[in-house]
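Have a look at the structure below, then the notes.
Computed over heavy atoms, backbone and side chain alike; hydrogens, waters and symmetry mates excluded.
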Amino acid sequence: MSTRLPPAQAVTRERLEELSGPTRHMLQVAGVLGRSFSVKDLAEMLGETTGDLLPMLEEAMSAGIVESAGHELAFRHELLWEAVTETLSSAVRRALHREAGEMLLKRGGSTIPAAAHLIHSAGHGDMCALRALDRAAREVLRSSPQTAADLAVRALELTDAADPDWVGRAAIAVDALTAVGRLCEAADLARPALSRAPPVVAHRLRCALAYILLLSGRPADAVSQAESLLSREDVSRDLRDVAEWTVFWGLISLNDLREGRRRAEAVLADRDGHSDTAVMGALLMLSRCAMIDGRFDDSFTHLHEAMRIGNSGTVEAVQRPYAWLLLGHLHRCLCQFDAADLAIRAAEEEIESLGVTVLAAQPALFRARVKLAAARLDDAAAEAEAGMRIADDMGTHGFIRVGLSILAYIAVRRGDMNAAGRNIRRYAREPGAAGMLFGSACEWVEAVVAEAQGDRERAMDILGPTYTDAEKQQWMLVTAPLAAAWMTRLALASGNRAYAQTTVDTVGHLARRNPAYPIFAAAAAHARGLLHADPGDLAFAAANHPQLWERASAAEDLGVLLTTSGACADRERAISSLDQAHDGYQQIGALRDAARARARLRALGVRRRHWAQSHQQEFGWDSLTDTERAVAELIARGLTNRRAAAQMFLSPHTVSTHLRRIFAKLDIASRAELARIFAEERPDRES
């Protein structure tokens, strides 16, 4: 077997061998300190003065090995740094890391710089190093959970299971592993630790398990676990407030707004008796309650106050992105799509900057709902798929159901009933509460699929509790504005005019209460036009609804109504309305709906060309969707996935999904090939 070095490494090794012995030894110590290093730290490690190091430093800089980097020096290239450190044996490297760690510990202050060395040098049972790792993990948990997880897990590996300190280290590791989305590892560690833990640590572990249950799609169990902790008198205030926060989010997932409102009002009535963690949770709970009540201005007020508290830095990192996510959700329900995108992007940035990767799936799933409401079906599907992959990787399986419901709805709109059926069947098998994504209206999607499959009776059974419970109905019509007309039409088709009337009454109440939000006036007009066969209301909805699919749907309903009058003028208006519906459906890719509109036009003696995407090429440049072409252009121009995502208001994961599809359709494997094809297909756009 050849031991020949690759060319780049060989050249690097030759450059180092040309240096004097003292300079090489100095660089070896510097390499242990890091890619960049302080001259003061280097001098102290070597037991020299800075002046003594000057000749060696000058030689290293003249040779192009190191360079100035602000207040420090740095190796000019990663390969140079690696080459230097690889000349050290593992035993010597470990000893130097130990010396560096002890040197930094003696200075006092933060233990994090020392921990970066001790994690490489500590041995089994090394009490001094282990306690430094403990302290560093606690110190960095809020700002960098991934680093905390690395430190805590390493400390556990070096601790004997019978050591009394093992339980405390396990508790730190559970918190850090949970924050970075390693839920199975966290739960597997928490349970044995709980059986050995003293009361104070046991309470902390139970609180962590409650949050793990919540993220795993078991909100009822999470609430039960947290409430059992709150029932004890020997729990600290800070821990009680974290448990209270978990209860709030469990109740939101379960749509138990009555209990949530009661608890939130109790917390705010005794604000001085609670930490900002509980207060923020209470405000977000009340924001959710106000939203479902149709008091949107109050909902925004509570949200902004919660965000102010979250920005104060006194709440846990894992709790801060929720306010942005709920803000995006509220904007989406009001059809304020640009504002929704901005809020979700802010949440995503916080999740990344804080390192709370356990929440990484949520921005993609929230954004999928925004794209769906904006009738961008390709983007919605890509975001849903990206969110599901992340949720599966993180172990936050409850959120997979949300993605499946989105994909099932998109499949219905596209007329792919096999895919709709597959997704809804898998949705039924997946664990997790239906409302994991802030009470998303997944039941409505189930009913849509059932009705599209020809099972109107099952659709009515699914929505029966929604028709008869005023609170549930209002929740449905706020979180899924499209549901108003659809539920009215379903009830009328089933011969249940009373159910249709309750739907019209509820959406009418929302419209009267919120004149500043036009989504409800348009939704109310559409539902009312169906119930009372009023062409004026249907025409209003067809012209003014902020959602493209709903405008087309209202135009179709108007065309159907005008068809029944028999008047010649109405026939022409009917054709015009059905044309509007057909073109609207085609524009957004709602192929099933477009086919239905064409059938209605044919019944009037009018034929329209079928230009559905199903006739599109499967491979090659012309097979790309509009979104895929936009992504291809940005990537071909050299943008990273992250920069392309920012320009298109998509997540980087979704851009990756689009890229995989683009590569498959073009039968390529690299960005360079994509740039070449783009230049050939779009020479007018070359820079």
Side-chain angles (χ1 to χ4, degrees), residues 249 252 257 280 283-308 310-311 320-351 359 361-377 379-380 383-384 387 399 402 406 409 435-441 444 474-484 507 510-511 513-523 544-551 645-651 654:
W249 283 106
I252 285 175
L257 301 185
M280 184 178 181
L283 287 166
L284 294 178
M285 183 80 237
L286 290 181
S287 173
R288 178 67 176 170
C289 292
M291 175 183 170
I292 301 307
D293 287 345
R295 296 180 289 108
F296 298 104
D297 290 339
D298 290 344
S299 186
F300 279 119
T301 298
H302 291 312
L303 266 179
H304 292 146
E305 173 65 7
M307 294 169 78
R308 184 191 65 77
N311 290 334
R320 287 172 52 184
Y322 281 89
W324 283 111
L325 290 171
L326 190 50
L327 180 64
H329 181 56
L330 179 53
H331 280 304
R332 191 273 299 173
C333 292
L334 298 174
C335 294
Q336 298 168 338
F337 302 133
D338 289 344
D341 273 327
L342 289 171
I344 294 167
R345 182 188 291 182
E348 194 167 47
E349 289 172 354
E350 280 216 328
I351 288 167
L359 303 180
Q362 297 198 36
L365 293 170
F366 274 97
R367 195 178 281 113
R369 290 202 171 277
V370 174
K371 302 309 178 191
L372 184 58
R376 293 172 57 180
L377 302 189
D379 291 343
E383 292 282 5
F399 297 106
V402 179
I406 294 169
Y409 183 82
M436 281 302 295
L437 204 70
F438 296 177
S440 299
W444 176 58
Q474 184 151 300
W475 166 79
M476 181 73 77
L477 298 184
V478 167
T479 55
L482 292 178
V507 72
L510 287 170
R513 192 170 193 173
N514 297 281
Y517 303 106
I519 172 64
F520 298 110
N544 294 287
H545 203 289
Q547 292 181 278
L548 297 178
W549 185 88
E550 184 69 2
R551 282 210 295 272
Q647 286 202 22
M648 296 185 67
F649 283 95
L650 301 173
S651 71
T654 303

Interatomic distance, [X] atom [atom1] to [Y] atom [atom2] [nearest 0.5 angstrom]:
{"X": "T479", "Y": "M291", "atom1": "OG1", "atom2": "CE", "answer": "6.5 Å"}
{"X": "I519", "Y": "H545", "atom1": "CD1", "atom2": "NE2", "answer": "3.5 Å"}
{"X": "D298", "Y": "L303", "atom1": "CG", "atom2": "CG", "answer": "11.5 Å"}
{"X": "E348", "Y": "F366", "atom1": "CD", "atom2": "CZ", "answer": "12.5 Å"}
{"X": "N544", "Y": "E550", "atom1": "CG", "atom2": "CD", "answer": "12.0 Å"}
{"X": "M285", "Y": "C289", "atom1": "CE", "atom2": "SG", "answer": "4.0 Å"}

Determine the minimum heavy-atom distance between [X] and [Y], stating which atoms define it.
{"X": "G328", "Y": "I344", "answer": "CA-CG1, 4.3 Å"}
{"X": "F337", "Y": "P546", "answer": "CE1-O, 4.2 Å"}
{"X": "H302", "Y": "L283", "answer": "CB-O, 3.5 Å"}
{"X": "A361", "Y": "G387", "answer": "CB-O, 3.4 Å"}
{"X": "P321", "Y": "L359", "answer": "CG-CD1, 3.9 Å"}
{"X": "A323", "Y": "M307", "answer": "CB-CG, 3.4 Å"}

Would you please indicate yes or no on a ring centroid separation below 6.0 angstrom for Y322 and H329?
no

Main-chain N/O of V370 paired with R332 side-chain donor or acceptor, under 3.5 Å
no

So, the side chain of Q474 versus the backbone of D293: is there a donor-acceptor pair under 3.5 Å, distance only?
yes

Just so I know, are the side chains of [X] and [Y] near enough to count as touching, which here means a heavy-atom distance under 4.5 Å?
{"X": "E383", "Y": "L372", "answer": "no"}
{"X": "D297", "Y": "Y517", "answer": "yes"}
{"X": "L330", "Y": "L326", "answer": "no"}
{"X": "R376", "Y": "L548", "answer": "no"}
{"X": "F300", "Y": "H331", "answer": "yes"}

Run the numbers on R308 and E305 for salt bridge (charged side-chain N to carboxylate O under 4.0 Å, His left out), then give the verdict.
CA-CA 5 Å; R308 184 191 65 77; E305 173 65 7; 2.9 Å; yes

For F520 and F296, take the angle between the two ring planes, folded into 0 to 90°, and tell me which bin it lands in: parallel under 30, tilted 30 to 60, perpendicular over 60.
parallel

May I have the step-by-step check of side chain to side chain contact (heavy atoms under 4.5 Å, CB included) for W249 and R288, ending in yes or no?
CA-CA 10 Å; W249 283 106; R288 178 67 176 170; over 6 Å; no

SB check D341 K371 (cutoff 4.0 Å):
yes

